[in-house]
Structures are given as structure tokens and as C-alpha cells.
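Shown next, in C-alpha cells, is the structure this report addresses.
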Amino acid sequence: MLLVLVGLMVAAVVLVGVGDRLRLPWPALMVVLGVVVALLPGLPDAFVIDPELILPLFLPPLLFATAQRTSWALFRARWRTIALLAVALVLVTATAVAGTVWLLVPGIAVTAAVALGAMVAPPDPVAVEAVAGQVPIPRRVVAVLQSEGLFNDATALVVFQAAVLATVSGGELSPLGLGVRFVLGAAGAVLIGLGAAWLARRVLGRLTDATGRSALTLVLPFATYLAAEELGASGVIAVVVLALQLRAGADADEAAERLTQSSLWNVVELLVTGLAFGLIGLDLRQVVLAAGDELPTMLGHAAVVCVVVVAVRVLWMVVAWQVLARRTDDAAAAGAAPLTGREAVLLSWCGMRGLATLALALSLQTASGAPFPARDQLVLIAVSVLFVTLLVPGFTLGMLVRGLDIDDEADAEERAEREIVLRARRAAVATLEFERTVRGLPEEVGTAMRERVERLERVLSGETPSEEERSRIAAVKQARTAFAEAQASALAAARTEVLAARREPGVDPHAVDRVLRRLDLRTVLLD
């Protein structure tokens, strides 16, 4: 079995190379890996990993790697999107799927149907980014998709665990009890995540060896997840909070180390994903063999559920576009939803499922280790939803973008933002030169400030400053006070110019709002 696991990871690495050469998203190719494993003769009929170990092994690296791509500032700026998509849409999808399965599958328990709904409800941020990164789509749409991936796994996992517990114990699933469980679990998880981050910073501060620091960072997500689950809190939220807090407390001179750790987590994420797809292929073969003559009926049920999953997302995006984007004057609220019908179609198409769905499907079991009620049916439906939502968009998103002319829309968005960004940059540079002349700052401070003003243009354009750029801040710490005052003046001038652009005729107000949100998101020159 060890040889099989290693082979699956090697196959995942090969598929990433194939996808890069053919310009195809590697998560979609992982689906092909799962199918090949299911059909390949000579492999073991079942995998030997204990289902109780699936979630602790697969979820922490997925969550930690995803959360490292964002920050508390981004979370605060996008909380409406998170509430609308990562919580509300997940719950609505889980409810719709549960009702459909309960009506279709004779004798299935409501709680088991809810467990399936939770499995297929959360889109996978890694799959979405890998697929969307291959085509030119507006940055605002990418930001919505990234925000959706922050906490949708947490919402789905809370529902899943409560449903599985109710199925095993024979109890009922109370919406009120589920809500209380979610709130208490989330509150406890936040405290655990913050505590783990505080303790980790203390330990990391005393470790001088880079290898030891990276090793500790690798262990932390697993330890935090297990600690939270043992205390009855949400391990998913605890790991996300841990990653966000560690990123917020990182020093500028740790840039090189963070680059190394980011690369490490990208590798871990890739290998875990490939392993999960291979294991689900082995499990799927068992499911097909056990289904026998019932397979056509089960596939029919799976097809209906796939239609429901896609339809719920489409309807949700259309309603969000009509209600939020077209009927509200609040730019921030409208920014949490599609602004046009074409964006609604695009966001509907980008609901790819991935590793979270696989991990939850593989973890299905009862407390005694006996087969979970209707497990074969649930696994087949979950895998079918994953195949449809990942394969179809993965190979057709580029054609959809070209057909809707969204690539032209992305170019127009960039041009509108570019004009405002250039005005902000010119205002910042002029104010900065005045400050440098009046204050007589040292030459090295002036040089560093000029470098950062040059970077302001890229940040306001939506680019993330590189770790190497951040590391240069350490060279001017001794002049931080004067430095900060001059930069604050430059930022104020940039903001004033952007606000002035809003009042001018012919200027796209949405472009102004996007640039203004980036300017307010963080002190871009001091970060």
C-alpha cells in the first residue's frame, strides 16, 4: 500500500507538469488521475487509511496554505462576500441537496442526506484559483472567488460533523442547535487559533535555525486542528485564524523564510490533493462493484444532484446581481455580488469542488467502524458532483470568457483603474518630493521612500508586493518616524486625488471605488 501512496504522489507531480505544458488546470487533471486509478487493474481494492485520520491529515494543510494567501485586512474588507457566499450559499446548497437526496433515495435518513449536502456544498479555492488563473478575468471577480474560499470549508464541516453525529446516534438535527454549535465552535476556535499563534511566535522567536522554524510551521496546523477538535471547537476555523495571525505578526526581515515556507506549503498542498484524488479513485471502484445492478439508478440520482448544485449557484448569483448590485447604492455591498449578468454567469461557472469534498467523502464511517448508512450512494453522488463541477468548467472556462467578451471587460477595467492609479501616483510623488526637500531627510531614507512610491503604483493596480520588496524596509527602521510622516502625507495626497476623480464626469465610479478600497485596505507604503 505504501508503494501505491508514493505512486499517487508521483503521478500528481507529473500531471502538474503536463498541465503546465498543455496550459490546462492541474486540479482538473487530478480528476483524470482518480478515474485512471479506479479503472487500473492490479491496485488494492481498498485503501488502508483509517477514516478517522482523513480529516486531520487532509484538511490542515489545505486550510493553512489557503489562508496564507490572505490577511486580516482582506478579511475585514471582504466580510460581505464571505457572509454571502462562504456561509449563506453553502447552507442553502447543503439544504437543497439534502432535500433532493431525501426525496430520491428510498429510506435514507434526513441526517445522512444533510451530510451529503455539506460534502458537496463548498467550492475549493485551490481548484478555483488554478482554473481561473489560466484566463483573463476581472480582478474583482477573482477577489470574490478567493473570498468565498476563506470560510466555506468551515461552514460545511460544522454541518457535516453535526449531521454525521446525528446519523450515528440516531438523533435529530436541529437548525437551532446547529446554529448554536457553529457559534460556540467558531468562538472557541478563534481563541485557540489566536493562542496557538501567540505561542508559536514566542517559540519561533527563540529558534535561530531556519530549518527548525520551517519544521515548526509545518507541524502547527495539524497540532492546532487536533487541539481544537479535542476541545469541541472548529478545527477548520482554528487553523485559518492561526495562519492569518502568523502572517499578521511576521516581521519584514522574515521575507526570505516566508518564501521558503510558502513554497513548502504549495508542495504539500499539491501532494495531498493528488493523494486524495487517487484514494477516492480506489474507493470509487469499490462503490461501483458493490452497486451492481443498482448502478444506473445511483448514477441517475447523482445526475439530478449535480443539476441541483449547479442550479442553486446560478440562481444565487443571479439574485445577488439583481438585489445587491442593481438595487443598492452601497458600493461595498454591491462589490460582494456580480455587477453584471456576464459576471453572474462567470461566477456561477466557477463553483469547482475539490479536496474538501474528497476528504469528507473518504471520512464517512460510524463510531463502531461499520459502514455508514447509504455510504456507497453518498460517495458516488459526491464524486459525480466533483467531476461535473471541476472537469466541465476546468476545460471550458476559457471558451466561456471569450464567448461572453469578459476578457475585453477585464481589459477595460484595467484601463479605467490605470488612469486613476497614475493620478494617485503623481500626487504621491509630488508630495513626497516636497516632504523630502522640507524635512531634509537622509539620502538613504529618500531613496527607500522613492522605491516605495514606485511600488505604490503596482499595489493600487492590484498586485501583491513581493517578499523581497518587503524585506527592504528593515534598512530604514532607524528613521521610521520621519519616514512614516512623509509617507502618510503622500498617501493622503493619493487619496485626495482619487476622491477628486470620483466627482469628475466620465470617470468610471466602480473603478474609483476599487482603487479607493485598495488604498484604504492597508497602509500600502508602510506594509
Side-chain angles (χ1 to χ4, degrees), residues 27-28 30-31 33-35 37-38 46-47 49 51 54-55 58-59 62 90-91 93-102 104-105 108-124 126-127 152-153 155-157 159-164 167 273 275-291 294-295 297-313 351-366 371-394:
M30 292 296 177
V31 177
L33 173 62
V35 174
V37 170
F47 57 90
I49 297 180
I54 294 295
L55 296 184
F58 284 78
L59 288 185
L62 164 69
V90 168
L91 294 177
T93 303
T95 303
V97 170
T100 302
V101 172
W102 183 73
L104 286 176
V105 181
I108 192 171
V110 174
T111 52
V114 172
L116 173 64
M119 280 193 285
V120 301
D124 181 62
V126 177
N152 55 6
D153 290 339
T155 306
L157 186 59
V159 176
F160 176 81
Q161 290 177 326
V164 169
T167 303
T273 302
L275 185 60
F277 272 97
L279 292 178
I280 201 67
L282 293 174
D283 200 17
L284 184 60
R285 178 162 57 181
Q286 287 293 99
V287 168
V288 171
L289 291 176
E294 294 296 320
L295 183 60
T297 302
M298 294 169 65
L299 289 175
H301 295 163
V304 173
V305 172
C306 290
V307 171
V308 170
V309 169
V310 174
V312 167
R313 186 173 179 87
M352 301 87 169
R353 273 54 177 180
L355 182 55
T357 298
L358 291 179
L360 295 180
L362 291 170
S363 69
L364 276 177
Q365 69 161 3
T366 63
F372 191 85
R375 183 184 187 278
D376 291 345
Q377 177 84 86
L378 300 184
V379 170
L380 183 63
I381 293 176
V383 174
S384 300
V385 170
L386 186 144
F387 281 15
V388 170
T389 59
L390 188 51
L391 271 183
V392 177

**Asked** For the residue pair P123 and R313, what are the closest heavy atoms and their distance?
**Response** CG-NH1, 3.8 Å
**Prompt:** Are the side chain of R353 and the backbone N or O of L390 linked by a donor-acceptor pair below 3.5 Å?
**Reply:** no
**Prompt:** Taking atom CG of L358 and atom CZ of F58, what is their separation to the nearest 0.5 Å?
**Reply:** 8.5 Å
**Prompt:** Going through the distances and angles, do I108 and Q377 end up as a side chain to side chain contact (heavy atoms under 4.5 Å, CB included)?
**Reply:** CA-CA 10 Å; I108 192 171; Q377 177 84 86; 5.6 Å; no
**Prompt:** Any sub-3.5 Å donor-acceptor pair from T357's side-chain atoms to V120's backbone N or O?
**Reply:** no
**Prompt:** Does some side-chain heavy atom of S363 sit less than 4.5 Å from a side-chain heavy atom of F160?
**Reply:** yes
**Item:** Heavy-atom pair with the smallest gap, counting every atom of V388 and P393
**Value:** O-CD, 3.4 Å
**Rounded distance (nearest 0.5 Å) linking atom OG1 of T93 with atom CG of N152** = 10.0 Å
**Request:** Working to the nearest 0.5 Å, report the span between CG of L360 and CG of D153.
**Result:** 8.0 Å
**Fill in**
So CG of L380 and CZ of R375: to nearest 0.5 Å the spacing works out to 11.5 Å
**Prompt:** Which heavy atom in T167 sits nearest to a heavy atom in P373, and how many Å separate them?
**Reply:** CG2-CG, 4.0 Å
**Item:** Criterion side chain to side chain contact (heavy atoms under 4.5 Å, CB included) on E294 and D376, from CA distance to verdict
**Value:** CA-CA 11 Å; E294 294 296 320; D376 291 345; over 6 Å; no
**Complete:** Nearest heavy-atom contact between A115 and A163 is N-CB, 3.6 Å
**Prompt:** So which heavy atom on D124 is nearest to which on A356, and how close?
**Reply:** OD1-N, 4.5 Å
**Request:** Can you see which heavy atom on P122 is nearest to which on A118, and at what distance?
**Result:** CD-O, 3.2 Å
